[in-house]
There are 2 protein chains.
Amino acid sequence: MAGHRSERGLKRGELARRTGCHLETIRYYETAGLMPEPARTDAGHRIYDPEQERRLRFILRARELGFTIEELKGLLKLIDGDGPSCGDVYDMAEAHIASIRSKITDLKKLEKTLVEISTECARGEAPDCPIIDALYESA
Amino acid sequence: MAGHRSERGLKRGELARRTGCHLETIRYYETAGLMPEPARTDAGHRIYDPEQERRLRFILRARELGFTIEELKGLLKLIDGDGPSCGDVYDMAEAHIASIRSKITDLKKLEKTLVEISTECARGEAPDCPIIDALYESA
DNA sequence: ATAGGGCCTGTAGTTAGTACAGGTGCAAGA
DNA sequence: TCTTGCACCTGTACTAACTACAGGCCCTAT
């Protein structure tokens, strides 16, 4: 009769399905120190409570917004009560915005260049391809 | 008297400096099959001729434009005379432009979100940080 | 003669996961 | 009751595109 005293909570696969993340990603976040070690059933299966699901969603959202695992450790320390202030979080967000803007700028330049060289391409069988030629010219 | 019959060409370090790429990257491109095995001095040092420098610049430029190593293999096959036609190169470039455009779109959304949440941040010492709060809400 | 630097090799580390092999337990169908 | 199949467990290897490092060799300058 021991072993199933109403083990409430989600197993790893259920949590993965609910949050839309890959099964193994959850275990990865655990070893990376972002997710706490969860409770286990008698069989050793991980059991997650709603607070842990909330935390995982937070992590996934921050990753979506481009924060690195290392940055997330900082954010989570703040959440967990010790560590940096809100000002530090703000600074991280600002730095992040700056790097996103520079990525956008670079990608736009890149797009322009690619469009220029590809419109010159006659889409033919010519042995000298204008795209190839363009790539030979330095940026 | 053997060993220095005017070994013309660049050594690996010189080529790296001239092209602005990392020393080890050149060796990496060699093992990856993008750069040919270069000539060697009697001491076994790699010696690059201008054609090889040209090829390296081509590779670096294409990488800058976001082509993957695998895509580069296709481009280089074309250059080397066998393989796909100019039309294939055009298709690769077009696919590339599409993926760049979608990256730009995503980054813009992301920037907007981050700006929104960070402007709400009072940059204070408040225990509940609006950025953290915003991250807890799903996208 | 020796100290420094550049080069050589093979291998391991990086980021953020994903995939896989081999094993255990649980629950339902035949 | 058996058994089949799935979900889960673990550790490890793989991905992209490099970068870094350890341990040696050789060349040049002092």
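Lettering follows sequence order; numbering is per chain, from 1. What you see is a predicted model, and the numbers here were worked out from it, not measured in a lab.
In the interface, the side chain of A:R63 is not paired with the base of C:dG17 through any donor and acceptor atom under 3.5 Å apart. A:E14 contributes no side-chain N or O that forms a donor-acceptor pair with the base of D:dC8 under 3.5 Å. Not a single donor-acceptor pair, N or O on each side, falls under 3.5 Å between the base of C:dC7 and the side chain of B:E24. Put simply, the side chain of A:R27 and the base of C:dG17 share no donor and acceptor less than 3.5 Å apart.
For A:I47 and D:dA7, the CD1 to P distance is 15 Å, given to the nearest whole Å. Rounded to whole Å, atom C1' of D:dA16 lies 17 Å from atom CZ of B:F67. Computed from coordinates, the A:L23 CG to C:dA19 P distance equals 11 Å when rounded to whole Å. Atom-to-atom, CD1 of B:I59 to P of D:dA17 comes out at 13 Å; the value is rounded to the nearest Å. Here D:dG11 presents its P atom at 17 Å from OH of A:Y28, a figure rounded to the nearest Å. When the C1' atom of C:dA19 is taken as reference, atom CZ of A:R12 falls 13 Å away, rounded to whole Å. Atoms CD (B:E70) and P (D:dT15) sit 11 Å apart, rounded to a whole Å. Rounded to an integer number of Å, the gap from NE2 of A:H22 to P of C:dA19 is 4 Å.
Between A:R18 and A:R57 the shortest side-chain heavy-atom distance falls below 4.5 Å. Under the 4.5 Å side-chain criterion, counting only non-hydrogen atoms from C-beta, A:R12 is in contact with A:E24.
The backbone N or O of A:F67 lies less than 3.5 Å from a partner atom in the side chain of A:R63, making a donor-acceptor pair.
The side chain of B:H45 sits closest to C:dG6 out of D:dC8, D:dT19, C:dG6.
Phosphate contact (OP1/OP2 of D:dT19, side-chain N/O of B:T25, threshold under 4.0 Å): present.
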